[in-house]
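The structure displayed is predicted, hence computed values, not measured ones. Keep in mind that the numbers below use all heavy atoms, side chains included, and drop hydrogens, waters and symmetry copies. The chains referred to below are lettered A, B, ... by the order of the sequence lines, with proteins before strands, and numbering in each begins at 1.
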Amino acid sequence: MSENPKLTKKDFMSDQEVKWCPGCGDYAILAAAQSAMAKIGVPPHQVCVVSGIGCSSRFPYYVSSYGMHSIHGRAPAVASGVKLQNPELSVWIVTGDGDGLSIGGNHLAHILRRNLDVNIILFNNEIYGLTKGQYSPTSQQGTKTKSTPFGSFDRPFSPAKFAMGAGASFFARTIDTDPKHMMDVFMQAAAHKGTSLIEVFQNCIIFNDGVHDDFTNRKVRDEHTVRLEEGKPLIYGADQDKALCLENFEFKTIPADSEKCITHDPSNKNLASLLSNLDGHNGPIPLGVLQKFEAPIYEEDFYSQIEAQVAKKGAGKMKDLLMSGNTWKVD
Amino acid sequence: MSENPKLTKKDFMSDQEVKWCPGCGDYAILAAAQSAMAKIGVPPHQVCVVSGIGCSSRFPYYVSSYGMHSIHGRAPAVASGVKLQNPELSVWIVTGDGDGLSIGGNHLAHILRRNLDVNIILFNNEIYGLTKGQYSPTSQQGTKTKSTPFGSFDRPFSPAKFAMGAGASFFARTIDTDPKHMMDVFMQAAAHKGTSLIEVFQNCIIFNDGVHDDFTNRKVRDEHTVRLEEGKPLIYGADQDKALCLENFEFKTIPADSEKCITHDPSNKNLASLLSNLDGHNGPIPLGVLQKFEAPIYEEDFYSQIEAQVAKKGAGKMKDLLMSGNTWKVD
Amino acid sequence: MKDLDQVVIRFSGDSGDGMQLTGTQFSNTSAQMGNDLATFPDFPAEIRAPQGTVAGVSGFQIHFGAVEISTPGDEPDVLVAMNPAALKANITDVKKGGTIIINEDAFNDLGYKKAGYAEEPITKLEKEYRVINAKITSQTKEALAEVELDSKSKARCKNFYALGMTYFMFSRDLKPTLEWIQIKFGHNKILSEANAMALKAGYHFADTIEASGESYKINPATIEKGIYRQISGNTALAWGFMYAAENSGLDLFLGSYPITPASDILHELAAHKNFNIKTFQAEDEIAAMSSAVGAAYAGALALTTSSGPGIALKSEALNLAMMLELPLVVVDVQRGGPSTGLPTKTEQSDLNMALYGRNGESPIIVLAAKSPSDCFKMAFEASRLAIEHMTPVMLLTDGYIANGSTPWRLPDLDKDFPQIKVNKAEPQENFLPYKRNPENLVRQWAIPGTENLMHRVGGLEKENDTGNVSYDPANHELMVTLREEKINKVALNIPDQKVTGNPNAKRCLVSWGGTYGSVSKAVENLNKDGIEMAHIHIKYLNPLPKNLESLLRGFEEITVCELNRGQLAGYLNSKFSLNVKKYNKVQGKPFKEREIYQLMGDL
Amino acid sequence: MKDLDQVVIRFSGDSGDGMQLTGTQFSNTSAQMGNDLATFPDFPAEIRAPQGTVAGVSGFQIHFGAVEISTPGDEPDVLVAMNPAALKANITDVKKGGTIIINEDAFNDLGYKKAGYAEEPITKLEKEYRVINAKITSQTKEALAEVELDSKSKARCKNFYALGMTYFMFSRDLKPTLEWIQIKFGHNKILSEANAMALKAGYHFADTIEASGESYKINPATIEKGIYRQISGNTALAWGFMYAAENSGLDLFLGSYPITPASDILHELAAHKNFNIKTFQAEDEIAAMSSAVGAAYAGALALTTSSGPGIALKSEALNLAMMLELPLVVVDVQRGGPSTGLPTKTEQSDLNMALYGRNGESPIIVLAAKSPSDCFKMAFEASRLAIEHMTPVMLLTDGYIANGSTPWRLPDLDKDFPQIKVNKAEPQENFLPYKRNPENLVRQWAIPGTENLMHRVGGLEKENDTGNVSYDPANHELMVTLREEKINKVALNIPDQKVTGNPNAKRCLVSWGGTYGSVSKAVENLNKDGIEMAHIHIKYLNPLPKNLESLLRGFEEITVCELNRGQLAGYLNSKFSLNVKKYNKVQGKPFKEREIYQLMGDL
Ligand SMILES: Cc1ncc(C[n+]2csc(CCOP(=O)(O)OP(=O)(O)O)c2C)c(N)n1
Ligand SMILES: Cc1ncc(C[n+]2csc(CCOP(=O)(O)OP(=O)(O)O)c2C)c(N)n1
Ligand code: SF4
Ligand code: SF4
Ligand SMILES: [Mg+2]
Ligand SMILES: [Mg+2]
């Protein structure tokens with residue numbers, strides 16, 4: 001993949017001043033993505049970053065590449081047009097929990113279903129940042145915001161479950177406080193053929209500070225998260241002493257050395273469905289790649305069909321078409 | 001629930017001529033729904049049926065009750081407004097695979113997430129009927145339609161998985177060829193507090209005839225479907241001789257009398273997630289209630305919050321509000 | 001055998017009776033016999049409403065003649081009614097004294113009941129019309145007695161029997177249809193034979209009973225020399241875009257979501273994948289529009305197609321395309337509005353939305369096609385202007401010209417169309433994505449994947465030249481004005497407005513879009529009858545042709561006729577401070593020639 | 001101590017410097033001292049752009065005086081600049097010869113660099129402005145030396161120090177702010193004391209250095225008697241709807257999706273649940289609009305609130321409400337367009353979309369509020385007309401009046417507002433949902449849950465009276481016309497248009513919406529200076545007041561001034577065949593009085 005091994009993070013940094021709030025988690029995600037892009041090695045002019053609207057969606061301005069800061073919620077649809085027109089491009093979509101799961105939920109679901117080969121980074125800060133703090137579809141019940149001064153009461157979406165529901169061929173979760181993990185996940189997503197959705201737990205220091213602390217804070221996160229690796233057992237805890245097993249269709253925590261411990265296999269859809277039900281309350285929340293399987297790539301079939309028709313009927317010529325079928329001459 | 005035990009199906013039949021194609025599966029669904037409504041016993045004037053656009057969405061015109069044939073894909077949002085304004089109403093949403101999962105996918109997902117106490121019937125004929133036959137998000141790969149003359153290639157949504165992904169508190173599947181099963185499922189849905197989504201395999205005799213035959217045709221359906229009942233084992237087959245178990249996170253078919261056979265528990269989300277992965281190719285497709293659990297009802301919390309504020313601050317009066325805080329007098 | 005100048009015939013029956021096919025055969029045959037013609041199908045709103053009901057009636061009208069034909073005709077001279085519902089649905093349209101062919105077999109109590117007739121209507125009718133009774137179903141079956149088909153299948157050939165009757169009445173050549181049957185059903189000998197036999201049986205039956213009193217001859221029209229084909233507006237539109245792609249060397253991308261009456265454009269383009277056409281059926285209109293924006297950014301000739309409610313949904317993403325200054329075409333096949341309205345009916349009530357339906361100052365090019373075959377040209381024009389001016393273009397057609405068809409003299413693609421100038425940026429140092437050609441204010445198209453043209457675009461206001469986000473007040477005013485001026489300058493790249501009819505008349509009729517046929521014909525007849533009348537038919541609606549204002553100021557009276565409540569009239573008033581008269585019709589139906597004639601003729 | 005008629009002061013600093021609070025205190029104090037005033041906050045587009053940068057500057061302007069004040073003022077007489085970025089962002093606005101208070105502590109090399117100053121700007125400035133240097137940060141810290149707070153927290157009190165300085169300069173009473181500090185920080189004694197001390201320290205410092213050369217007195221204005229409060233447009237709007245609900249006895253339902261600058265209406269209504277307000281934050285604008293349609297069907301006074309891009313998305317569902325003839329109000333708080341545009345800036349460029357942005361013939365009522373406090377009245381009017389005429393109403397405001405605030409003389413709710421007439425159907429046999437009141441063509445509202453009023457509605461064309469689906473051509477024309485007529489008849493239920501300024505002048509300025517303040521002030525000054533000028537400010541845009549046409553025809557010259565490229569001008573031309581002059585500004589900023597004055601004054 002590495003066409004250009006000399007690329008560095010700097011090659012993906014644009015000349016625009018980054019304008020997020022000081023301390024915002026977005027900075028770390030941007031940096032990790034730029035580093036990952038450099039390692040992946042697609043030259044910047046073959047990269048196209050498409051976003052919607054939100055703090056997170058300012059992202060394309062900061063990446064030296066082609067890019068579009070489109071409209072609220074529609075990035076997956078815009079990016080589908082980009083990718084279908086030019087499947088050679090490495091297309092990245094950047095979205096937020098509002099952009100991607102509130103107004104844009106349907107487009108997100110449909111791109112996952114179609115499985116175009118693009119990568120989607122969903123910045124989940126459980127809040128609408130840019131509009132100054134209203135609750136979002138991922139906000140926990142009881143979240144007090146400007147629009148819910150007495151607490152929200154709807155149940156949040158789990159992006160993981162949402163992705164499974166839409167048939168995502170790749171879903172991963174990572175955290176803004178672990179640059180290495182982020183980079184690793186971004187690179188796995190890029191390597192995967194098909195639509196890759198990556199949820200990043202991102203801290204909005206202004207409107208929802210600390211909401212992910214249990215899972216992102218270095219001091220406690222290992223107790224509340226389980227890091228998934230293909231072929232490895234589901235072990236977690238600061239001392240890596242706990243493991244997960246399934247009993248009567250419920251997850252149980254058992255000692256790490258137990259035989260019943262589940263081994264991770266992201267290609268097993270049933271296992272992935274089960275893992276997506278872990279939400280941090282009923283067991284540790286999984287980080288890393290929950291689901292990854294091979295499925296037909298939309299744009300490949302799209303172009304194969306065109307090629308098959310050309311092969312069958314010859315490249316179309318308008319003059320021939322005009323003369324085809326029922327015509328008559330007047331003289 | 002039965003306020004009015006004398007209601008009959010006829011009480012729910014409007015004076016409008018039903019205009020579906022002869023032989024369309026919609027007729028049977030309408031009849032079953034009307035019969036179920038009569039049995040449920042909510043008087044017609046306390047029922048409100050809201051639909052989008054599509055053949056299926058003509059439904060409200062045929063039910064004697066309040067109703068709205070709204071716009072394409074938006075029925076869940078319209079119905080949310082109806083229900084929030086008047087939670088006493090028994091609100092039914094009628095939608096199709098195009099209306100509910102193509103243009104309207106996001107609204108469907110969000111109403112499921114919020115869990116308003118409404119019932120949704122999704123007519124799944126895997127085609128756009130009203131616009132004369134284009135493929136839909138539930139069409140099987142390879143479906144040849146006017147818009148996909150060489151076959152579609154996107155993977156279909158599974159309404160069941162979609163529902164799980166959105167956190168549905170009730171999901172059931174039924175078939176247009178089994179009036180009794182339909183009625184039973186409709187009544188269970190109505191009895192459930194929260195958003196109930198019912199997928200009906202519906203035959204479009206004109207544009208997608210026979211697409212559900214494996215699962216709906218009396219002659220073969222028992223081999224390809226498993227009927228779910230709470231507390232009962234997952235047994236299927238014309239002779240009820242097969243059962244399902246889970247081994248290494250894969251479903252296996254075993255003899256009906258095996259001990260490993262799974263017992264159905266719709267309140268177990270993990271089991272429901274697994275069952276939603278059964279698509280007829282990797283095992284029999286489940287009919288009946290896949291998932292049902294208790295969750296907060298949106299409109300109940302919505303009103304509780306209002307009541308709590310009234311209790312705390314007293315019923316608001318505009319005159320007091322105008323004079324509250326910082327005012328001054330000019331004379 | 002009498003000669004006739006022109007005839008209007010309508011075939012009408014149940015959705016399942018094959019009337020569309022029958023009508024198409026009649027029109028193909030007439031075209032090949034050298035008549036000029038125009039056709040219009042009339043589908044029921046329901047897919048297949050209950051058999052025998054008025055809701056389920058499907059019709060097809062053909063206007064053919066030895067003279068120039070501009071519309072499918074005001075009132076049928078002949079109605080073929082395959083059942084009572086068809087009679088009920090159409091009788092008010094038929095010309096008084098006209099001929100009605102009824103299929104007696106279906107005119108029974110059950111049929112009357114389904115159609116909602118309280119009593120048998122024929123007796124009354126016979127006083128005002130010439131009614132020809134024919135046992136079409138049973139006669140067909142009888143004619144096919146020997147054929148090895150079940151009775152139901154035999155009955156299904158009855159449309160060819162009816163067609164045969166009309167062929168005799170109007171001296172149509174059987175050959176084209178017999179050949180077509182051969183090709184269409186060739187693989188099934190029995191069916192092929194049965195249909196051919198039914199056609200001939202009907203023909204002979206009419207001969208025997210001397211069905212039409214006598215039969216008529218309609219001589220070939222004097223038509224411009226050339227090779228012709230029948231084409232519907234939606235097909236012509238699809239082909240026009242395909243040709244624009246071929247001409248410009250760009251890939252054609254369509255992002256669309258089905259909706260009546262626009263879906264057929266998607267179907268047509270999807271069928272021609274061997275032309276390297278990319279069709280994407282999106283999850284909704286917003287995604288369709290957005291995918292077109294993405295494809296345009298990536299270098300495609302991008303389209304999206306829809307009708308009223310869908311176009312409304314595209315507003316926000318279309319505005320983004322305007323802001324980004326990307327070329328793409330939005331087709332609005334107008335239907336009866338507002339809201340869901342009358343989906344299968346025609347109207348011209350989306351002009352205001354096309355011009356004004358976006359937030360902020362959002363000028364785009366707006367064009368309208370005037371006839372089925374003109375759709376080819378206007379699709380090309382829309383593409384050409386979008387590409388040459390780096391802007392979205394809204395192209396308006398309507399349900400009437402989209403589904404209607406006319407013979408189309410095939411253009412010479414090499415000579416009749418200009419070369420589209422594609423405006424792609426060459427790789428360069430310090431590329432400025434929003435630097436403009438000083439003459440037409442157009443920016444360059446920088447295609448992703450090209451080295452040295454990297455840039456980011458977005459919906460926020462951007463600095464001129466650099467395209468960077470800018471909140472600067474003066475820059476905002478500059479950009480708003482530049483975008484407006486850019487569209488105004490398109491007037492230099494479109495043809496001047498022509499005046500037809502009598503350009504020296506004091507009175508002028510103004511029309512736009514799909515009403516061209518009836519209005520131009522009415523104007524022709526008015527002038528023939530000594531009522532002087534000019535006609536201005538506007539195809540370029542924004543910007544308006546640069547000579548239009550002075551042309552309009554030359555008339556004493558201007559009447560704008562349109563199928564809405566006066567949208568073009570209001571627009572012309574607002575642009576030129578005129579005080580035009582309005583003539584409007586909002587019935588889901590096109591103008592009749594007669595309506596326009598009477599309006600202007602009754603002084 | 002000199003007397004001044006009026007002063008404009010702008011507080012400006014980093015987003016974190018508390019300038020909004022400082023400005024609010026200054027205006028509250030001035031109001032309580034009897035001055036008339038108007039204020040305007042100016043937020044950065046970024047939530048909190050990097051500290052010290054121009055992108056992160058937040059400002060608050062107050063125009064106060066002993067005379068009537070109509071706008072927040074053209075040019076600040078005094079600028080308080082807490083850092084170099086604040087200076088840079090605002091300096092071009094400050095009146096030549098005006099006063100600039102700078103916080104010396106922030107004016108260092110680092111500060112200059114962050115602000116993008118190549119060199120120290122003060123020396124140059126001192127030639128044109130009176131610059132008052134004050135070590136605001138360090139002096140504050142020093143004043144709080146004894147207080148038990150960390151140094152950072154002490155520094156955070158610096159805005160009160162700056163406020164204290166301005167209080168001395170303009171002889172403001174310290175008491176209201178001291179009391180407010182007491183209430184606000186009462187629970188935290190230390191903070192409360194610190195802020196109070198900082199305020200006093202600044203006051204005394206200004207006294208000592210005789211900061212303003214001398215200090216000024218601004219006498220109370222002669223203001224209408226009554227009880228007053230400060231109110232912003234968005235709050236007034238929310239309260240207006242709440243009052244309409246109380247007045248009509250209906251439940252208030254808001255379906256909304258956040259968007260700048262409309263979100264505060266949602267926030268305000270969500271905070272008042274004890275008024276039985278139902279606020280629903282939907283998943284997008286389409287769902288917000290659709291939920292309002294559902295709630296309206298079920299009997300609520302239903303609202304939805306948004307800005308340009310969101311309003312565009314509501315088009316299709318709004319059209320459904322129009323078709324169903326249900327009452328609801330759509331609020332468009334206009335911002336800089338097109339597309340995402342300039343979200344935090346003001347503009348008036350959505351008028352065309354409000355009038356025309358829907359498919360088909362879709363007339364609705366369009367209103368516009370003229371000032372922050374007028375939002376209360378217009379919210380009531382919008383509700384009243386929606387309910388009494390069973391139709392959606394679009395109410396336009398803009399970012400300027402939404403965020404700006406003025407003192408508001410509290411109305412007498414019992415006397416100043418009419419009783420809204422709710423049009424609910426009584427249970428009846430054979431209910432006809434689309435039967436109309438012959439006078440105003442309004443149908444009745446049949447609320448689900450009521451026995452004997454069951455009916456179904458939908459977006460397809462409906463038969464008059466019954467509301468059943470109808471494809472009948474004549475019925476369609478009838479319904480389109482009835483819906484249009486119904487809206488036209490609203491003109492009988494709105495006030496006649498008033499003319500202000502000199503009604504007998506030959507020239508007339510026409511304005512609408514949030515520009516009222518500057519235009520009316522300019523007209524007042526023009527007439528004062530002997531330049532005769534009439535002023536027509538239109539609040540009811542569709543239908544227009546019934547006397548408007550004849551009023552307009554009475555003038556020799558009409559100039560329509562608006563913050564767009566001429567939308568009202570085009571609309572008036574199209575309605576009345578006029579040929580108005582246009583004066584437009586599209587800079588994301590309101591008109592200045594001076595601009596209007598000069599335009600009309602320079603003959
Ligand atoms: C059509 C439209 N509706 C609403 C908005 C206002 N808006 C901008 S961003 C946003 C939500 C952003 O939330 P999220 O996607 O979570 O991004 P974050 O700012 O938290 O990174 C909203 C509601 C808009 N710009 N356009
Ligand atoms: C905004 C909008 N877009 C498109 C349409 C056209 N349309 C009507 S129904 C339909 C799809 C119907 O499919 P489905 O929901 O599966 O219903 P079915 O007819 O199969 O019952 C479409 C695309 C429309 N009416 N409105
Ligand atoms: S508001 Fe929150 S999400 Fe937005 S830039 Fe600031 S910290 Fe980041
Ligand atoms: S088109 Fe299909 S879904 Fe629609 S009414 Fe006919 S059979 Fe039913
Ligand atoms: Mg967010
Ligand atoms: Mg369907």
Peer 1: Using a cut-off of under 4.5 Å for heavy-atom pairs, which of B:Val49, B:Val47, B:Ile53, B:Leu322 has the most such pairs with chain D?
Peer 2: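 Among B:Val49, B:Val47, B:Ile53, B:Leu322, the one with the most close pairs to chain D is B:Leu322.
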Peer 1: Contact part of B:Ser64 toward chain D, heavy-atom cut-off under 4.5 Å: side chain, backbone, both or neither?
Peer 2: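 Both parts, heavy atoms under 4.5 Å.
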Peer 1: Between D:Leu453, D:Val457, D:Leu410, which has the largest tally of heavy atom pairs under 4.5 Å with chain B?
Peer 2: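 Sorted descending by pairs with chain B, the first entry is D:Val457.
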Peer 1: Would you check if the side chain of D:Arg229 reaches a backbone N or O of B:Ser324 as a donor-acceptor pair within less than 3.5 Å?
Peer 2: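 Yes, D:Arg229 side chain to B:Ser324 backbone: donor-acceptor pair under 3.5 Å.
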Peer 1: Checking heavy atoms, do the side chain of B:Val63, its backbone, both or neither come under 4.5 Å from chain D?
Peer 2: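 Backbone only.
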Peer 1: May I ask you to name which of D:Arg409, D:Met323, D:His455 has the most heavy-atom pairs under 4.5 Å with chain B?
Peer 2: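 Most heavy-atom pairs within the cutoff with chain B belong to D:His455.
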Peer 1: Answer yes or no: does atom CD of D:Gln419 have more than 12 heavy-atom neighbours from other residues, nucleotides or ligands under 6.0 Å?
Peer 2: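 For D:Gln419, atom CD is crowded (more than 12 foreign heavy atoms under 6.0 Å).
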Peer 1: Could you tell me which portion of B:Glu307 (side chain, backbone, both or neither) has an atom closer than 4.5 angstrom to a non-hydrogen atom of chain D?
Peer 2: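 No part of B:Glu307 comes within 4.5 Å of chain D.
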Peer 1: Which atoms of D:Trp408 are under 4.5 Å from chain B, going by heavy atoms: the side chain, the backbone, both sets, or neither?
Peer 2: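 Just the side chain, heavy atoms under 4.5 Å.
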Peer 1: Please determine, among B:His110, B:Gln305, B:Lys329, B:His72, the option with the most heavy-atom pairs under 4.5 Å with chain D.
Peer 2: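 Counting heavy-atom pairs under 4.5 Å, the top option is B:His110.
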Peer 1: Shorter than 4.5 Å, heavy atoms on both sides: which option in B:Val310, B:Asn86, B:Val82 has the most such pairs with chain D?
Peer 2: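 Top count of heavy-atom pairs under 4.5 Å with chain D: B:Val82.
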Peer 1: What part of D:His272 gets within 4.5 angstrom of chain B, counting heavy atoms only: side chain, backbone, both, or neither?
Peer 2: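 For D:His272, side-chain heavy atoms alone lie under 4.5 Å from chain B.
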Peer 1: Considering only heavy atoms from C-beta outward, does the side chain of B:Lys319 approach that of D:Asp414 to under 4.5 Å?
Peer 2: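 SC-SC contact between B:Lys319 and D:Asp414 confirmed.
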Peer 1: Give a yes or no on this: more than 12 heavy atoms of other residues, nucleotides or ligands lie within 6.0 Å of atom NZ of D:Lys462.
Peer 2: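 Enclosed.
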Peer 1: For D:Ala292, is it the side chain, the backbone, both or neither that has a heavy atom under 4.5 Å from a heavy atom of chain B?
Peer 2: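 No part of it gets close to chain B.
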Peer 1: At a heavy-atom separation under 4.5 Å, does D:Ala321 approach chain B through its side chain, its backbone, both, or neither?
Peer 2: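 Neither; nothing under 4.5 Å.
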Peer 1: Against chain B, label D:Glu224 side chain, backbone, both or neither, depending on which of its atoms sit under 4.5 Å from a heavy atom there.
Peer 2: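 Contact with chain B: backbone only.
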Peer 1: Non-hydrogen atoms of chain B under 4.5 Å away: do they reach the side chain of D:Ile183, the backbone, both or neither?
Peer 2: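 Looking at D:Ile183, nothing touches chain B.
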Peer 1: Name the region of B:Phe302, side chain, backbone, both or neither, that has any atom closer than 4.5 Å to a heavy atom of chain D.
Peer 2: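 Just the side chain, heavy atoms under 4.5 Å.
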Peer 1: So which of B:Asp331, B:Asn106, B:Asn326, B:Val78 has the biggest tally of heavy-atom pairs under 4.5 Å with chain D?
Peer 2: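 That would be B:Val78.
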Peer 1: Measure distances from D:Tyr243 to the heavy atoms of chain B and classify the residue's part below 4.5 Å as side chain, backbone, both or neither.
Peer 2: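 Backbone plus side chain of D:Tyr243, per the 4.5 Å heavy-atom cut-off to chain B.
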Peer 1: With heavy-atom distances below 4.5 Å as the criterion, would you say the side chains of D:Tyr297 and B:Val50 are in contact?
Peer 2: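 They are not in contact (no side-chain heavy atoms under 4.5 Å apart), so the answer is no.
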Peer 1: By a 4.5 Å heavy-atom criterion (distance strictly below it), what part of D:Leu320 contacts chain B: side chain, backbone, both, or neither?
Peer 2: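 Contact with chain B is through the side chain of D:Leu320 alone.
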Peer 1: In terms of side-chain heavy atoms, does D:Asp251 have a donor or acceptor partner in B:Gln85 at a distance below 3.5 Å?
Peer 2: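 Judged by distance alone, the side chains do pair up.
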Peer 1: Can you check whether anything in residues 276-286 of chain D gets within less than 4.5 Å of chain B, heavy-atom wise, and list it by number?
Peer 2: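 Answer by number: D:Asn276, D:Ile277, D:Lys278, D:Thr279, D:Phe280, D:Gln281, D:Ala282, D:Glu283, D:Asp284, D:Ile286.
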Peer 1: Taking B:Met318's backbone N and O only, do any of them form a donor-acceptor pair with D:Glu246's side chain (distance below 3.5 Å, no angle check)?
Peer 2: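 Indeed, once roles are kept as given, a pair shorter than 3.5 Å links the two residues.
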Peer 1: To the nearest 0.5 Å, how far apart are CD in D:Glu451 and NE2 in B:His45?
Peer 2: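 D:Glu451 atom CD to B:His45 atom NE2 measures 4.0 Å (nearest 0.5 Å).
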Peer 1: Keeping B:Trp328 on the side-chain end and D:Ala31 on the backbone end, is there a donor-acceptor pair under 3.5 Å?
Peer 2: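 Indeed, once roles are kept as given, a pair shorter than 3.5 Å links the two residues.
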Peer 1: Taking D:Val469, D:Leu460, D:Ile223 one by one, which has the highest count of heavy-atom pairs under 4.5 Å against chain B?
Peer 2: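 Winner by heavy-atom pair count: D:Leu460.
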Peer 1: Considering only heavy atoms and a distance below 4.5 Å, find which of D:Val293, D:Leu413, D:Ile231 pairs most often with chain B.
Peer 2: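 Of the candidates given, the most pairs with chain B belong to D:Leu413.
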Peer 1: Any side-chain heavy atom of B:Lys313 within less than 4.5 Å of one from D:Phe275?
Peer 2: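 No, their side chains stay 4.5 Å or more apart.
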Peer 1: Of the backbone (N, CA, C, O) and the side chain (C-beta and beyond), which part of B:Leu89 lies under 4.5 Å from a heavy atom of chain D, both, or neither?
Peer 2: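 Just the side chain, heavy atoms under 4.5 Å.
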Peer 1: When you compare the side chain of B:Tyr66 with that of D:Thr450, does any pair of heavy atoms fall below 4.5 Å?
Peer 2: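 Yes. Closest side-chain heavy atoms under 4.5 Å.
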Peer 1: With a 4.5 angstrom heavy-atom cut-off, is it the side chain or the backbone of B:Arg113 that approaches chain D, or both, or neither?
Peer 2: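 Answer is neither: B:Arg113 stays 4.5 Å or more from chain D.
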Peer 1: Mind ranking B:Ser80, B:Pro60, B:Ala79, B:Ser65 by heavy-atom pairs under 4.5 Å with chain D and telling me who comes out on top?
Peer 2: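 Looking at each option in turn, the highest pair count goes to B:Ser65.
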Peer 1: How far does NZ of B:Lys317 sit from CG of D:Asn274, to the nearest 0.5 angstrom?
Peer 2: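 Taking NZ in B:Lys317 and CG in D:Asn274, the distance rounds to 10.0 Å.
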Peer 1: So which of D:Gly459, D:Ala300, D:Ala317, D:Gly34 has the biggest tally of heavy-atom pairs under 4.5 Å with chain B?
Peer 2: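 It is D:Ala300.
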Peer 1: Using non-hydrogen atoms only, which part of D:Pro411 is less than 4.5 Å away from chain B: side chain, backbone, both, or neither?
Peer 2: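 When you check distances to chain B, atoms from both the backbone and side chain of D:Pro411 fall under 4.5 Å.
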Peer 1: Give a yes or no answer on whether the side chain of B:Arg74 reaches the backbone of D:Ala287 with a donor-acceptor pair at less than 3.5 Å.
Peer 2: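 Here the side-chain-to-backbone pair does not exist.
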Peer 1: Taking atom CZ of D:Phe253 and atom CG of B:Leu84, what is their separation to the nearest 0.5 Å?
Peer 2: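 Reported value, rounded in 0.5 Å steps: 5.5 Å.
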